[in-house]
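In what follows, a structure is listed as structure tokens, so that the remarks can point back to it.
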Amino acid sequence: MKFIDEARIFVAAGNGGNGIATFRREKYEPEGGPNGGDGGRGGSVYFVADRNLNTLIEFRYMRKFVAQSGEKGASSDCYGRGGNDICLHVPVGTVITDINSNEVIADLDVDEKKVLIAKGGRGGLGNIHFKSSVNRAPRQFTLGEPGEERELRLELRVLADVGLLGLPNAGKSTLIRAVSAARPKVADYPFTTMHPNLGVVRVNENKSFVIADIPGLIEGAAEGAGLGIRFLKHLARTRILLHIVDLAPPDPAADPAHDARAIVRELEKYSPELAAKPRWLVLNKLDLIPEEDRERRVADFLQNYDDESSENHCFKISAINGDGCRPLVYRLQAALEEMGKTKQDTPLANSHEFIDDDNDARYTTRDA
């Protein structure tokens, strides 16, 4: 299944049916009164958050949705039939924006949340509403109102408590494989991850949290280098960011501290609010550094990186074999509890499972 996180669509509610001006014409009723009915209301367009969906691929090819219009009124006081509503199901976390006004109409961040996006037009009035003691044969009726029309931008922002960011091949996918049952693709070339991956980290029987992995950033991503910064929006709902740094890059001339600062700059260019989130350093691939050189390499990095928060929230791990991952998970859970974001016995369905294209495996939970 291809991951689609943006779509542009056009929705139109149905028009209301017209009222009608008719009169009773029955045997022995030569001068019957007005009996024209009202027109039916037009169908409306609703959006519903559905936790069983994880992509906007349904809106990639079908981009126009028009609700049914109401029927016009009829004689004998018969009202027109109302048009059928349209309910469009989208993944939880979808943000709906009006393209013309750039106004955020709805944020479907809760499962089964239903919002009215385009209201159907009201039906017109028949002449039965215009009769009076001085107007016994009214010929007035009103037309149905047009339904609302909108051009919409749908944007999926995944729901996760912790987000991973860093350079390509820094070990983000390996880390999410180590702490959850998620199985994103891992390979020895850049940009292995092409779309966000989610995993549920089970700390114990009653506590868990959701972690998100996005494609790697490189310097100049804000200007479109690499995969750009289009996937950073998926970190907007996270509470904590884990900045994964490769301390043993394959290029001997690479400077991990310089590369880490470049990632922070790209984050600030994209969104100051996102850059202001708590950001923890995770120094990865220590298994590739001789044991006697590890402390020196870590100290040199922290000195060159020069971040005040690094000393309090800096973790040294080896994601490939799991060293240091369990203490990191426990610290994350404790921090999320302090933020009031603890998830008690989180069912996987609420975490918006993603399907791995390569092995067709659905991510499930596993003890950290």
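All values derive from a computational prediction rather than experimental measurement.
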Suppose we screen for salt bridge (charged side-chain N to carboxylate O under 4.0 Å, His left out). Which residues come up paired with Asp255, at least two apart in sequence or across chains?
none

For Arg157 and Val95, indicate whether the former's side chain and the latter's backbone hold a donor-acceptor pair under 3.5 Å.
no

Side chains of Leu156 and Thr55: closer than 4.5 Å at any heavy-atom pair?
no

Does some side-chain heavy atom of Arg63 sit less than 4.5 Å from a side-chain heavy atom of Phe10?
no

Thr97: which of Asn102, Leu154, Ile105 passes side chain to side chain contact (heavy atoms under 4.5 Å, CB included)
Asn102

Please indicate whether Glu291 has more than 12 foreign heavy atoms, meaning atoms of other residues, nucleotides or ligands, lying under 6.0 Å from its CD.
no

Under 3.5 Å: donor-acceptor pair, side chain of Arg239, backbone of Met339:
yes

Could you walk me through whether Glu148 and Lys119 satisfy the salt bridge (Lys or Arg N to Asp or Glu O under 4.0 Å) test, starting with their C-alpha distance in whole Å, then the side-chain angles of each, then the deciding distance to 0.1 Å, before giving a yes or no?
CA-CA 6 Å; Glu148 295 180 342; Lys119 185 177 180 180; over 6 Å; no

The reported gap from CZ in Arg139 to CZ in Phe23 (rounded to nearest 0.5 angstrom) is 4.5 Å

As a quick check of understanding, evaluate side chain to side chain contact (heavy atoms under 4.5 Å, CB included) for Ile263 and Leu267, giving each step before the final call.
CA-CA 6 Å; Ile263 296 298; Leu267 201 62; 5.6 Å; no

N/O donor to acceptor pairs below 3.5 angstrom from side-chain atoms of residues 72-88, sequence neighbours left out:
{"residue": "Asn84", "atom": "ND2", "partner": "Gln68", "partner atom": "OE1", "Å": "3.1"}
{"residue": "Asp85", "atom": "OD1", "partner": "Arg41", "partner atom": "NH1", "Å": "3.2"}
{"residue": "Asp85", "atom": "OD1", "partner": "Ser44", "partner atom": "N", "Å": "2.8"}

Quick one: do Lys316 and Glu295 satisfy salt bridge (Lys or Arg N to Asp or Glu O under 4.0 Å)? Show the steps, please.
CA-CA 10 Å; Lys316 295 167 284 186; Glu295 292 301 326; 3.6 Å; yes

Return yes if some donor-acceptor pair links the side-chain N/O of Asn127 with the main-chain N/O of Pro138 below 3.5 Å, else return no.
yes

Would you mind reporting whether Phe141 and Leu143 have side-chain heavy atoms less than 4.5 Å apart?
yes

Donor-acceptor pair, side chain of Thr22 and main chain of Gly36, under 3.5 angstrom
yes

Between Asp246 and Leu167, is there a side-chain heavy-atom distance shorter than 4.5 Å?
no

Given the rule in the side-chain hydrogen bond (donor to acceptor under 3.5 Å, both in side chains) test, do Asp38 and His129 qualify, once you have shown the distances and angles that lead to the verdict?
CA-CA 9 Å; Asp38 297 348; His129 293 281; 2.8 Å; yes

Looking at Gly147, is its backbone amide N or carbonyl O close enough to the side chain of Asn15 to form a donor-acceptor pair, meaning the two atoms are under 3.5 Å apart?
yes

Okay, side chain of Lys113, backbone of Asp107: is any donor-acceptor separation there less than 3.5 Å?
yes

Does any N or O in the side chain of Thr174 come within less than 3.5 Å of the main-chain N or O of Ile320, such that one atom is a donor and the other an acceptor?
no

Taking the side chain as C-beta and beyond, is there a heavy-atom pair between Leu242 and Leu332 under 4.5 Å?
yes

So that I can tick it off, tell me whether Arg153 and Glu155 are bridged by a salt bridge, with the cut-off set at under 4.0 angstrom between side-chain N and carboxylate O.
no

Do Asp323 and Asp287 have side chains that get closer than 4.5 Å, going by heavy atoms?
no

Under a 3.5 Å distance rule, please check whether Asn284 uses its side chain to pair with a backbone N or O of Ala170 as donor and acceptor.
yes

Step-by-step side chain to side chain contact (heavy atoms under 4.5 Å, CB included) determination, Leu53 to Val90
CA-CA 7 Å; Leu53 301 177; Val90 295; 5.5 Å; no

What class does the angle between the rings of Phe59 and Phe65 fall in, given that below 30° is parallel, 30 to 60° is tilted and above 60° is perpendicular?
perpendicular

Side-chain (Arg297) to main-chain (Leu247) donor-acceptor, under 3.5 angstrom
yes

With a 4.5 Å limit on heavy-atom distance, are the side chains of Val162 and Trp280 in contact?
no

Is the side chain of Asn304 donor-acceptor paired with the backbone N or O of Asp300 at a distance under 3.5 Å, no angle test?
yes

